[in-house]
There are 2 protein chains.
Amino acid sequence: MSHMVYGCLMAVDRDHVLRSAAALLTRKSTATMDEVAKAAGISRATLHRHFAGRDALVLALEALCIAECETALDAARLDDGPAHDAVRRLVREIEPAAGLLAFLYTESQLFEGDAQNKGWTRIDDRVAALFRRGQAAGEFRIDLTPAWLTEALYGLLASGAWAVSEGRVAGKDFTHMIAELLLGGAVRREES
Amino acid sequence: MSHMVYGCLMAVDRDHVLRSAAALLTRKSTATMDEVAKAAGISRATLHRHFAGRDALVLALEALCIAECETALDAARLDDGPAHDAVRRLVREIEPAAGLLAFLYTESQLFEGDAQNKGWTRIDDRVAALFRRGQAAGEFRIDLTPAWLTEALYGLLASGAWAVSEGRVAGKDFTHMIAELLLGGAVRREES
DNA sequence: ACCATATGAGACATCTTTGTCTCAGCGCGG
DNA sequence: CCGCGCTGAGACAAAGATGTCTCATATGGT
């Protein structure tokens with residue numbers, strides 16, 4: 001039956017296409033629909049059957065990224081324990097999405113009236129709430145606003161993903177470098 | 001005489017065009033040559049007379065950005081005094097170029113065999129040397145590599161410029177937020 | 001006043017990407 | 001074995017950006 005085929009084949013294809021596109025666009029943000037199709041191992045016609053156009057593809061990538069980020073937010077259990085540990089868990093969990101996040105971070109400035117805006121602000125709010133919780137608990141300094149710490153986290157994730165893909169830093173250090181810089185900064189400290 | 005006209009008018013025009021283009025492309029990185037021309041208040045034909053094409057324009061913007069960064073590096077006197085003060089001076093001096101830096105940071109990944117590559121690596125080296133000096137002096141922690149600290153600085157400058165242009169953080173806090181996060185991190189400290 | 005030069009406006013061809021369409025092939029279930 | 005549906009390949013027009021060209025105009029120096 002058609003809907004069974006749709007459920008079995010098309011779904012996995014769609015997901016595979018999305019992940020291929022994410023991997024490609026992470027490296028080459030100006031990749032053509034044709035390049036995206038080739039990267040996924042399908043023809044441009046089939047790509048067009050799944051995603052009406054480039055906008056629809058980017059929109060689907062946004063939805064995927066939002067979903068993965070929310071999964072990471074859930075897995076990081078932001079409300080549990082010290083906020084700085086929650087930040088470390090968050091960075092660790094969100095690492096797989098960092099590349100896609102970096103792509104969308106620069107791409108979606110075009111779509112000001114973004115259809116996925118609600119999804120992004122929901123994520124922003126959860127992250128900002130974590131920093132706010134840390135400030136309220138006296139863990140985090142209060143001269144850096146939660147909004148800025150959230151932006152900085154995105155920026156560091158993007159820089160980190162890019163630096164790793166360029167071979168400037170080792171992939172295994174990704175989590176440590178981002179979390180430690182965001183939390184502790186560059187200055188050496190006496191206390192443990 | 002023609003060379004006098006060239007020296008008086010064309011030079012200032014070229015600089016004005018470059019700065020207009022920088023301001024526009026900072027906000028809309030996919031702006032058309034026509035939009036760039038209109039933003040500079042000139043026609044597309046004149047823009048083409050000054051810059052052979054879009055590549056030439058971006059190349060000139062790179063040269064401008066490199067020059068401004070090096071001026072900032074000089075003004076920050078990276079070799080004087082404590083490294084953390086030098087970092088603060090650097091962030092303050094380089095702030096005007098942050099927007100353009102953010103644009104080129106994402107744009108120039110296309111030009112892998114970049115003609116300006118030498119200029120960028122020269123800047124990278126000077127910044128990395130500053131972090132290395134701070135590490136050698138015991139000011140900075142050594143588990144974060146100079147290369148990563150350099151990348152992180154770029155990422156924070158880009159995030160900061162973008163966040164300011166989006167109105168998410170106040171422009172007057174730009175220097176403080178970037179320098180303090182980079183140096184001290186989010187975690188509150190007991191010592192002074 | 002005259003002339004050189006830069007400019008603005010616009011036409012024009014070209015290139016790239018995109019979106020749509022058709023058609024033939026193939027797998028898979030009935 | 002047959003037919004349905006998905007796919008790949010390719011043709012096609014449309015749209016957008018780019019680069020080049022011409023020509024009329026204005027500006028500025030001589």
Side-chain angles (χ1 to χ4, degrees), chain A residues 1-22 24-62 103 106-112 115, chain B residues 1-22 24-62 103 106-112 115:
Chain A
M1 293 163 260
S2 71
H3 62 276
M4 175 189 163
V5 172
Y6 183 93
C8 293
L9 289 182
M10 206 154 165
V12 303
D13 265 355
R14 184 188 160 93
D15 191 73
H16 170 247
V17 170
L18 274 179
R19 299 196 178 278
S20 302
L24 173 61
L25 291 171
T26 289
R27 297 191 306 271
K28 187 175 190 296
S29 60
T30 60
T32 299
M33 290 292 275
D34 199 58
E35 295 174 293
V36 171
K38 278 192 175 57
I42 63 176
S43 72
R44 198 166 65 93
T46 303
L47 177 60
H48 252 282
R49 287 185 192 103
H50 287 327
F51 304 98
R54 193 174 218 280
D55 293 1
L57 177 62
V58 173
L59 217 61
L61 283 173
E62 276 193 285
F103 163 66
T106 63
E107 185 82 356
S108 62
Q109 71 189 4
L110 302 179
F111 308 135
E112 297 265 328
Chain B
M1 293 163 257
S2 70
H3 63 277
M4 176 189 163
V5 172
Y6 184 92
C8 292
L9 290 182
M10 207 153 163
V12 302
D13 266 355
R14 183 187 160 94
D15 191 72
H16 170 246
V17 170
L18 274 178
R19 299 196 178 278
S20 302
L24 173 61
L25 291 171
T26 289
R27 298 191 305 271
K28 187 175 191 295
S29 60
T30 60
T32 299
M33 291 292 276
D34 199 59
E35 294 174 294
V36 171
K38 278 190 175 58
I42 63 176
S43 71
R44 197 165 66 94
T46 303
L47 177 60
H48 253 282
R49 286 186 191 102
H50 287 326
F51 305 98
R54 194 174 217 281
D55 293 2
L57 177 62
V58 173
L59 217 62
L61 283 173
E62 276 195 286
F103 163 67
T106 63
E107 186 81 356
S108 61
Q109 70 189 7
L110 303 178
F111 308 136
E112 296 265 327

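Because the structure is a prediction, the values reported are computed rather than measured. Just so it is clear, the values below take in all heavy atoms, side chains as well, and ignore hydrogens, waters and symmetry mates. Chain identifiers are assigned alphabetically (A, B, ...) following the order of the sequence lines, protein sequences preceding nucleic acid strands; residue numbering begins at 1 within each chain.
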Scoring nucleotides 9-15 of chain C by protein non-hydrogen atoms under 4.0 Å (B base, S sugar-phosphate only, - none) yields B-B----
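Using a 4.5 Å cut-off on side-chain heavy atoms (C-beta onward), A:L59 and A:F51 make no contact.
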Pairs under 3.5 Å (Watson-Crick or G-U), crossing ones as [ ], inter-strand ones as |: DNA chain D comes out as ||||||||||||||||||||||||||||||
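Rounded to an integer number of Å, the gap from A:D13 CG to C:dG27 P is 15 Å. What separates CG of B:D55 from C1' of D:dA17 is a distance of 13 Å, to the nearest Å. Remark: P of D:dG8 and NZ of A:K38 are 11 Å apart, rounded to the nearest angstrom. Atom pair A:M33:CE and D:dG16:C1' shows a separation of 16 Å (rounding to whole Å applied). To the nearest angstrom, P of D:dA11 lies 14 Å from CG of A:D34. Between the C1' atom of D:dT7 and the CZ atom of A:R14 lies a distance of 18 Å, rounded to the nearest Å. In this structure, A:L57 atom CG and C:dG19 atom P are separated by 10 Å, rounded to whole Å.
In this view, A:R54 and A:L25, A:M33, A:V58, A:E107 satisfy the side chain to side chain contact (heavy atoms under 4.5 Å, CB included) rule, not counting sequence neighbours.
Scanning both residues, B:T30 and B:E35, for their nearest heavy atoms gives O-OE1, 4.4 Å. The two residues A:L18 and A:L61 have their closest heavy-atom pair at O-CD2, 3.5 Å. For the pair A:V17 and A:I42, the tightest heavy-atom approach, listed with the atom from each and the gap, is CG2-CD1, 3.7 Å. Nearest heavy atom pair, residue B:A52 against residue B:A56, reads N-CB, 3.8 Å.
In this structure, B:K28 NZ and B:L24 CG are separated by 7.5 Å, a value rounded to the nearest 0.5 Å. Considering CZ of A:F103 and CD of A:E62, their distance stands at 9.0 Å, rounded to 0.5 Å.
Listed for the A:S43 side chain is a donor-acceptor partner under 3.5 Å among the backbone atoms of A:T46.
Nearest-nucleotide assignment on DNA chain C puts the 5′-proximal partner with B:L47, out of A:A31 and B:L47.
You'll find that the side chain of A:H48 is closest to C:dT20, out of C:dT20, C:dT7, D:dT18. Each of D:dT7, D:dT18, C:dT7 was ranked by its minimum atom distance to the side chain of B:T46; first place goes to C:dT7.
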